[in-house]
Amino acid sequence: MRIKKTAVLAFLALAALLLSGCTFIRIQNVSDVSVRVAVLVPDSGAASTRSVSSGGLVDVFSSHGGRYTVTVVPSEQYRETLLTLQQQISDRLFVERATLTAAEVGQLVQNLNHITDLLAELELPGASCSGNVPDFETAVVVISFDSLNNAWQLSCG
């Protein structure tokens, strides 16, 4: 009797899954580096973050079809490295201010300005694409890195 109840429950769960119109968003990273993405699927009001290794695939489940969006999220490690460099340069300017030459001060200030610009770029929206996926199908998003333009590229299919 207990086995029969378990079988019936398993059958009902499988039927509910099939009837719900489940879909997948498959994210394929064809670049040479890992990337983090935020994925907004049709049945969710909030994006979930996934890491996709170089040459890797990640599938994100949705209980039904509809509009989805995938956005590249800046690397937190890169941001932390920039903030550390910014602090080190600022500290050097303060601690060694009496011994630095004008040329050294100029170079350090130029480096600080460049780091500030890079940090500001991280605040801009990342590369993104959107698409529609029908019920019971899989949409494929291909991520690549354009080293010529130093930018991520996404293709939603």
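Just so you know, these numbers use all the heavy atoms, side chains as well, and skip hydrogens, waters and symmetry mates. Since the structure is predicted, the reported quantities are computational estimates derived from the model, not experimental observations.
- Here Glu121 pairs with nothing under the salt bridge (charged side-chain N to carboxylate O under 4.0 Å, His left out) rule; sequence neighbours left out.
- Screening residues 48-148 for disulfide (SG to SG under 2.5 Å) gives Cys129-Cys156 as the qualifying pairs, with residues at least two apart or on separate chains.
- Applying the salt bridge (charged side-chain N to carboxylate O under 4.0 Å, His left out) criterion to Glu96, with sequence neighbours excluded, gives Arg92.
- Contact annotation: the side chain of Val133 never approaches that of Thr138 to less than 4.5 Å [non-hydrogen atoms, C-beta and beyond].
- Residue pairs that meet the ring pair (Phe, Tyr, Trp, His ring centres under 6.0 Å) test with at least one member in residues 40-60, sequence neighbours left out, do not exist here.
- Put simply, CG on Asn29 and CH2 on Trp152 are 5.5 Å apart, with the number rounded to the nearest 0.5 Å.
- By the neighbour-count criterion of 12 heavy atoms within 6.0 Å, atom CG of Asp32 is sparsely surrounded, having that number or fewer from other residues, nucleotides or ligands.
- Looking at residues two or more places apart in sequence or on another chain, you find no side chain to side chain donor-acceptor pair (under 3.5 Å) involving Arg67.
- Legend: residues meeting side chain to side chain donor-acceptor pair (under 3.5 Å) with Gln28, ordered by chain and number and at least two apart, are absent.
- Leu85 meets the side-chain contact (heavy atoms from CB on, under 4.5 Å) test with Thr81, Gln88, Ile115; sequence neighbours excluded.
- In this structure Ser34 satisfies the side chain to side chain donor-acceptor pair (under 3.5 Å) test with no other residue, sequence neighbours excluded.
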Side-chain donor-acceptor contacts of residues 139-147 below 3.5 Å, not counting sequence neighbours, with atom names and distances?
| residue | atom | partner | partner atom | Å |
| --- | --- | --- | --- | --- |
| Asp146 | OD1 | Leu148 | N | 3.1 |
| Asp146 | OD1 | Asn149 | N | 3.4 |
| Asp146 | OD2 | Asn149 | ND2 | 2.6 |

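- Scored by the side chain to side chain donor-acceptor pair (under 3.5 Å) test, Arg26 finds Asp59 as partners (sequence neighbours excluded).
- Annotation: ring pair (Phe, Tyr, Trp, His ring centres under 6.0 Å) contacts involving residues 23-49, sequence neighbours excluded, comprise Phe24-Phe61.
- Sorted by first and then second residue, the salt bridge (Lys or Arg N to Asp or Glu O under 4.0 Å) pairs with a member in residues 74-84 read Glu76-Arg79; sequence neighbours excluded.
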